[in-house]
Enquirer: 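Here's a structure for you.
Throughout, a chain's letter reflects where its sequence line sits, starting with A, and its residues are numbered from 1.
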Number of protein chains: 2
Amino acid sequence: MPRRVDHDERRRHIVGALLRIAGTQGLDAVSMREVAQEAGVSLGAVQHYFASKDAMLLHALEQWLNLDVHRSFAERIRARVAREPAATPLATLRAVAAEYLPHDDATSLEARVGLSFQSRAAVTPALAAALVPAYTGFVDTLRGILRHSGRPLDADTAARELAALLDGLRHPVLIGALPYADALGIVDGHLARLLAHERRA
Amino acid sequence: MPRRVDHDERRRHIVGALLRIAGTQGLDAVSMREVAQEAGVSLGAVQHYFASKDAMLLHALEQWLNLDVHRSFAERIRARVAREPAATPLATLRAVAAEYLPHDDATSLEARVGLSFQSRAAVTPALAAALVPAYTGFVDTLRGILRHSGRPLDADTAARELAALLDGLRHPVLIGALPYADALGIVDGHLARLLAHERRA
DNA sequence: CCGTGTACAATACGAGTGTATTGCAAAAAC
DNA sequence: GTTTTTGCAATACACTCGTATTGTACACGG
């Protein structure tokens with residue numbers, strides 16, 4: 001077998017170009033030629049690594065969820081929590097919210113990529129199938145943090161509620177209908193009410 | 001001036017076809033020819049009523065927000081509240097949530113249309129500009145209902161929070177990651193906590 | 001060193017896109 | 001009844017799209 005190249009590395013490189021386009025111009029603007037140009041390779045190279053555009057999009061979503069999001073997002077959370085006086089569940093959740101909501105170019109791009117894929121997944125079962133475990137994983141993570149709060153709350157319901165709140169706050173912030181600080185304030189209020197609450201759920 | 005036809009009616013007819021396509025196959029599947037065929041008219045007719053595809057999409061979003069959503073949605077809310085024993089703020093908000101979350105073909109289509117436009121608005125300022133007042137209007141409506149609860153809460157923040165929660169719950173329901181009943185239960189818990197709450201916000 | 005299979009590059013193809021152009025039937029204006 | 005203007009239909013044009021095909025440089029196994 002000739003020509004040793006790192007197959008996975010090339011795919012990550014191409015997918016990176018794809019995500020950059022999707023984050024700035026939307027998934028509609030993603031064509032194989034555009035991706036090739038953004039990645040600095042030929043159309044033939046892109047075709048060589050992905051059998052079809054659908055396969056490329058699916059692989060892009062999976063890589064984005066498993067590598068880009070998981071890694072950089074978790075890293076930013078840790079960095080933010082480290083700056084806090086105490087790594088309490090509340091501080092951690094606030095850090096998650098602060099990083100999840102779009103507040104600069106990188107996070108806005110991330111939010112747009114997520115929104116694009118969510119929109120397409122609504123009419124493309126293959127993408128929905130890849131998105132479901134990511135949603136479940138996010139909820140599990142939130143639930144794990146909530147469990148450490150020591151409060152008598154339904155952690156699973158609270159986690160799903162928080163996930164939905166964060167996701168739902170992204171859109172008005174993205175289109176400029178709600179300032180980032182206001183969105184963060186809403187999450188703060190939600191968390192305060194949730195964790196200070198002693199009554200029945 | 002010859003040939004009297006109701007200009008607005010024809011536009012609504014064409015836009016209706018467009019929204020049907022967007023709701024079932026996504027906004028990407030919307031082409032002028034597809035819209036023409038779905039509407040049962042010629043491509044020339046569509047061009048006659050819309051100067052460009054962008055103008056058609058913008059008009060479609062505006063009509064959808066101002067006519068389809070406002071009218072049918074408000075109507076369904078009223079019908080649902082009428083079935084309740086008392087038209088309390090809580091009952092009204094539960095009705096809003098029950099109708100907002102996708103639970104049948106019509107509401108799933110509505111949610112997919114909304115999601116498609118949100119996604120495109122993130123990269124198309126003209127669409128974002130049309131979406132902002134719709135968001136504001138929705139928040140105003142929720143705030144108006146919350147004000148009648150007689151609870152000492154920050155109605156504006158609570159309204160924005162509820163709007164985000166509802167929007168964020170739509171997506172996992174759409175992709176089948178969260179059952180409709182569970183989503184509604186989350187809203188119930190949120191409303192109960194919100195309206196039963198006596199402490200500071 | 002020589003074949004063999006890999007990693008591309010280049011190009012071609014048919015389908016579909018938005019838009020512009022042209023033509024024409026019919027109804028109102030005169 | 002002629003003229004004019006509207007409401008469309010048909011078609012053409014220049015692209016772009018995903019995909020298929022072909023060619024080739026080149027590293028490895030033998």
Enquirer: Quick one: CG on B/Leu169 to CG on B/Leu166, what's the gap to the nearest 0.5 Å?
Expert: 6.5 Å

Enquirer: Between A/Arg120 and A/Asp28, is the closest basic N to carboxylate O distance under 4.0 Å?
Expert: yes

Enquirer: Hey, what do you get for CE (B/Met56) to CE (B/Met32), rounding to the nearest 0.5 Å?
Expert: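 Those atoms lie 4.0 Å apart.
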
Enquirer: Hey, what's the ring geometry for A/His171 with B/His171, parallel, tilted or perpendicular (30° and 60° as the breaks)?
Expert: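 Correct class here is tilted.
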
Enquirer: Starting from P on D/dC17, measure out to CD on A/Glu34 and report it in whole angstrom.
Expert: 7 Å

Enquirer: NZ of A/Lys53 versus P of D/dT16: gap in Å, rounded?
Expert: 15 Å

Enquirer: Please give, in whole Å, the distance from C/dA7 C1' to A/Phe50 CZ?
Expert: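 Interatomic distance, CZ of A/Phe50 to C1' of C/dA7: 15 Å.
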
Enquirer: Which ones in residues 120-130 of chain B lie close to DNA chain D, meaning a heavy atom under 4.0 Å from one of its atoms?
Expert: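 Correct list: empty, so none.
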
Enquirer: In whole angstroms, how far is the P atom of D/dA27 from the CG atom of A/Asp6?
Expert: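 Rounding to the nearest Å, CG of A/Asp6 and P of D/dA27 are 17 Å apart.
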
Enquirer: State which residues pass side chain to side chain contact (heavy atoms under 4.5 Å, CB included) with A/Ala36; sequence neighbours excluded, sorted by chain then number.
Expert: A/Val41, A/Val46

Enquirer: Check whether any side-chain heavy atom of B/Pro102 sits under 4.5 Å from a side-chain heavy atom of B/Glu110, and report yes or no.
Expert: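 Result no, sub-4.5 Å side-chain heavy-atom pair not found.
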
Enquirer: Produce a footprint string for nucleotides 8-16 of chain C: one letter per nucleotide, 5' end first; B if the base is under 4.0 Å from any protein heavy atom, S if only the sugar-phosphate is, - if neither.
Expert: BB-B-----

Enquirer: May I have the distance from A/Met32 (atom CE) to D/dT19 (atom P), rounded to whole angstrom?
Expert: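 These atoms are roughly 6 Å apart.
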
Enquirer: May I ask you to decide if the ring planes of A/His103 and A/Tyr180 are parallel, tilted or perpendicular, using 30° and 60° as cut-offs?
Expert: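 Because their plane-to-plane angle lies in the 30° to 60° range, the rings of A/His103 and A/Tyr180 count as tilted.
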
Enquirer: D/dC17 P sits how many Å from A/Asp54 CG, rounded?
Expert: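 Between P of D/dC17 and CG of A/Asp54: 16 Å.
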
Enquirer: Please determine, by modelled atom types, if B/Ser108 and B/Asp105 share a side-chain donor-acceptor pair under 3.5 angstrom.
Expert: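 Distance-only check fails for B/Ser108 and B/Asp105.
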
Enquirer: Send over the distance from B/Asp28 CG to D/dT16 P, rounded to a whole Å.
Expert: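 Going from CG in B/Asp28 over to P in D/dT16 covers 19 Å.
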
Enquirer: Which is it for A/Leu115 and A/Arg170 under the side-chain contact (heavy atoms from CB on, under 4.5 Å) test, yes or no, and what are the steps along the way?
Expert: CA-CA 9 Å; A/Leu115 183 53; A/Arg170 268 184 159 180; over 6 Å; no

Enquirer: Would you mind reading off the distance between A/His7 atom NE2 and C/dA7 atom C1', rounded to a whole angstrom?
Expert: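 Going from A/His7 (NE2) to C/dA7 (C1'), I get 9 Å.
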
